[in-house]
Amino acid sequence: AEILERQTSGGSPSQPALLAYHFSEAGDVEKAIPYWTQASRQSLASFANQEAVEQARRGIKLLKAIPESTQRAGQEVALQSVLGTALLSIHGYTDSRVRKVFTRAQDLCEQIGDAPQLFQVAVGLWMYYIITAQFDEAYGLSQRLLRIAETTDNPAQHLQARYCQAFILYYRADFLTAKSHLETAIEGEVEDCDYASQSASGDDTRIHVRVLLALINWHLGFPKTAAKQAKKANAIAKKAGHPWGETFAAFYSAWFHQLRGDAKKTLAYAGEAARIAKEKGFRFWMPLVGFMSSWAQNRDASDVSKPLEAEGVEKMKAALDLYRGIGVGFGMTYLSFKLAEEYIGLGMHEPAVAELETAWNTLQSTEEDFFKPEYYRLHGRIWLARHRESSEAEQLNEADTLFRKALSTAQNKESKGLELRAANDLAEVLVLQGDSAGAVKLLSGILHRFDEVDDSEDCVRASKMLKKLKK
């Protein structure tokens with residue numbers, strides 16, 4: 001081992017794992033540990049995550065032979081950070097081992113004091129809290145990250161901290177404040193900065209910032225700007241070449257295009273995310289991309305009036321059940337609402353109501369409010385469908401009440417995207433009630449307040465209805 005070490009003296013060894021192994025076998029713990037750290041980082045950088053896990057664990061095991069000290073704690077933090085990132089890539093955000101590792105690393109940072117690794121470790125724990133829908137804990141950590149970043153001149157920390165804060169604000173439907181954080185983060189970007197250095201998943205945080213901003217701008221009525229931001233995120237991801245970042249960008253772009261009702265683009269991005277996730281063993285992403293793909297495949301882009309097929313909806317249900325089964329909590333309201341909408345399209349009202357109530361219970365317990373108006377709108381769709389079958393005025397009135405509730409909730413949340421959806425459905429009811437003028441006024445008003453109008457499903461539906469009513 002010493003001969004190999006002398007051969008690389010003055011430079012970084014090309015085979016740190018070999019040196020770590022030999023020094024470990026020789027019982028030279030103090031020399032072995034830094035090489036295990038270097039080897040695990042090298043494996044992580046080349047996406048050899050299982051090797052990184054094994055190497056980090058060997059280093060941590062050796063540390064037990066060293067008396068406790070600040071230096072020892074610092075060495076363990078470095079190894080635990082690598083271990084946490086590698087486990088996250090293999091098993092996903094929700095795995096209890098990920099939480100345990102990042103919690104241990106944070107405890108060590110607290111013992112050390114102002115440890116350089118504290119920020120990234122806290123990001124890892126924040127990520128775990130987000131995915132498991134422990135939003136209060138996640139918000140508290142995001143506040144702490146902002147305070148830490150404000151004491152440094154590290155642009156990567158500033159970007160990461162604002163992203164963490166914006167992410168939780170997005171899910172709690174504070175779209176304007178979330179957007180402000182993200183735009184401030186982008187304004188502060190500088191050249192020659194490693195924006196992956198503070199990310200717990202090891203990829204470029206600029207990717208995350210832009211896809212999140214795309215989703216927010218969809219809500220706020222800037223769909224064209226949102227599309228540009230999603231496209232930019234994918235460009236950054238491809239240039240960086242980090243598989244997790246590429247998967248993240250592709251999945252969130254699929255989600256953005258699902259919001260637009262664009263099945264073709266949703267399928268393309270979901271397929272790209274699935275390809276990378278399968279190749280790299282990112283099991284966390286598979287149910288999500290399966291859900292998106294099944295939704296897209298159940299639509300005929302050339303004939304939007306074509307009925308849905310039950311088999312496609314059941315595939316969505318299976319993907320959602322699998323996602324729930326791995327312990328994920330965040331995003332569940334949106335997914336349940338989307339599945340409920342598909343059931344309504346099939347006339348399967350009983351399972352639709354069940355999904356709506358599941359989503360509502362999750363919303364109540366987590367305050368995941370970002371698609372709250374959909375709860376009222378989709379219940380309204382059920383009442384409208386019942387009215388079409390029976391022609392009973394009471395059912396039409398119930399649909400009217402629910403659509404108005406969805407509309408006012410969307411307005412309170414400042415989501416023009418969801419407001420337009422509710423307005424489209426309410427306009428349909430107004431026409432059935434003989435108030436075509438009211439429908440025209442409603443749709444004209446919301447479209448006029450949109451800063452940008454694109455060819456998304458909701459915009460096209462509103463424009464077509466207006467054109468028909470004005471004849």
- In terms of ring plane angle, is the pair Phe370 and Tyr171 parallel, tilted or perpendicular, where the classes change at 30° and 60°? tilted

- Query: Do Thr177 and Asp174 have a side chain donor and acceptor closer than 3.5 Å?
  - Reply: yes

- With a 4.5 Å heavy-atom cut-off, do Leu430 and Ser436 have their side chains touching? no

- Mind telling me whether Phe167 and Trp126 have parallel, tilted or perpendicular rings, with 30° and 60° as the class edges? perpendicular

- Task: State whether the side chain of Ser415 and the backbone N or O of Gln411 hold a donor-acceptor pair below 3.5 Å, judged by distance alone.
- Result: no

- Item | For Lys405 against Ser408, the heavy-atom pair lying closest together | O-OG, 3.0 Å

- Message: Checking Phe450 now: which residues fulfil ring-ring contact (aromatic ring centres under 6.0 Å, His included) with it, not counting sequence neighbours?
- Response: none

- Message: Would the distance check show the side chain of Arg210 and the main-chain N or O of Arg206 forming a donor-acceptor pair, the cut-off being under 3.5 Å?
- Response: yes

- Item | pair His219-Tyr170: side-chain heavy atoms closer than 4.5 Å | yes

- Message: Could you measure the distance from the CG atom of Leu442 to the CE atom of Met465? Nearest 0.5 Å is fine.
- Response: 9.5 Å

- Task: Let me know which of Phe251, Phe248, Tyr252 forms a ring pair (Phe, Tyr, Trp, His ring centres under 6.0 Å) with His208.
- Result: Phe248

- Item | Evaluation steps, salt bridge (charged side-chain N to carboxylate O under 4.0 Å, His left out), between Arg377 and Glu341 | CA-CA 10 Å; Arg377 187 184 73 86; Glu341 187 170 35; 2.8 Å; yes

- Message: For a side-chain hydrogen bond (donor to acceptor under 3.5 Å, both in side chains) check, start with the C-alpha distance between Ser253 and Asn234, then their side-chain angles and the critical distance, and finish with the verdict.
- Response: CA-CA 8 Å; Ser253 295; Asn234 282 276; 2.7 Å; yes

- Message: Does Glu357 form a side-chain hydrogen bond (donor to acceptor under 3.5 Å, both in side chains) with Tyr375? I'd like the steps, not just the answer.
- Response: CA-CA 8 Å; Glu357 296 312 311; Tyr375 176 77; 2.9 Å; yes

- Message: Do Gln198 and Thr205 pair up side chain to side chain, a donor and an acceptor below 3.5 Å, judged on atom types alone?
- Response: no

- Query: For the atom pair CG (Leu396) and CD (Gln433), what is the distance rounded to the nearest 0.5 Å?
  - Reply: 5.0 Å

- Query: Step by step, would you call His257 with Thr266 a side-chain hydrogen bond (donor to acceptor under 3.5 Å, both in side chains)?
  - Reply: CA-CA 5 Å; His257 287 293; Thr266 299; 5.9 Å; no

- Any chance the side chains of His158 and Glu189 put a donor and an acceptor closer than 3.5 Å? no

- Note on the structure: CD (Glu150) and CG (Leu145) are apart, to the nearest 0.5 Å, by 11.0 Å

- Query: Has the side chain of Glu368 got a donor or acceptor atom that lies under 3.5 Å from a matching backbone atom of Ala133?
  - Reply: no

- Item | Atom pair CE/OG1 of Met286 and Thr247 - distance to nearest 0.5 Å | 10.0 Å

- Quick one: do the Ser456 and Asp454 side chains pair a donor with an acceptor below 3.5 Å? yes

- Message: I'd like to know whether Tyr269 forms a side-chain hydrogen bond (donor to acceptor under 3.5 Å, both in side chains) with Gln258, so could you lay out the CA-CA distance, the side-chain angles of the two residues, the decisive distance to 0.1 Å, and finally the verdict.
- Response: CA-CA 10 Å; Tyr269 279 113; Gln258 187 182 58; over 6 Å; no

- Task: Give a yes or no on whether Asp321 atom CG has more than 12 heavy-atom contacts from other residues, nucleotides or ligands under 6.0 Å away.
- Result: yes

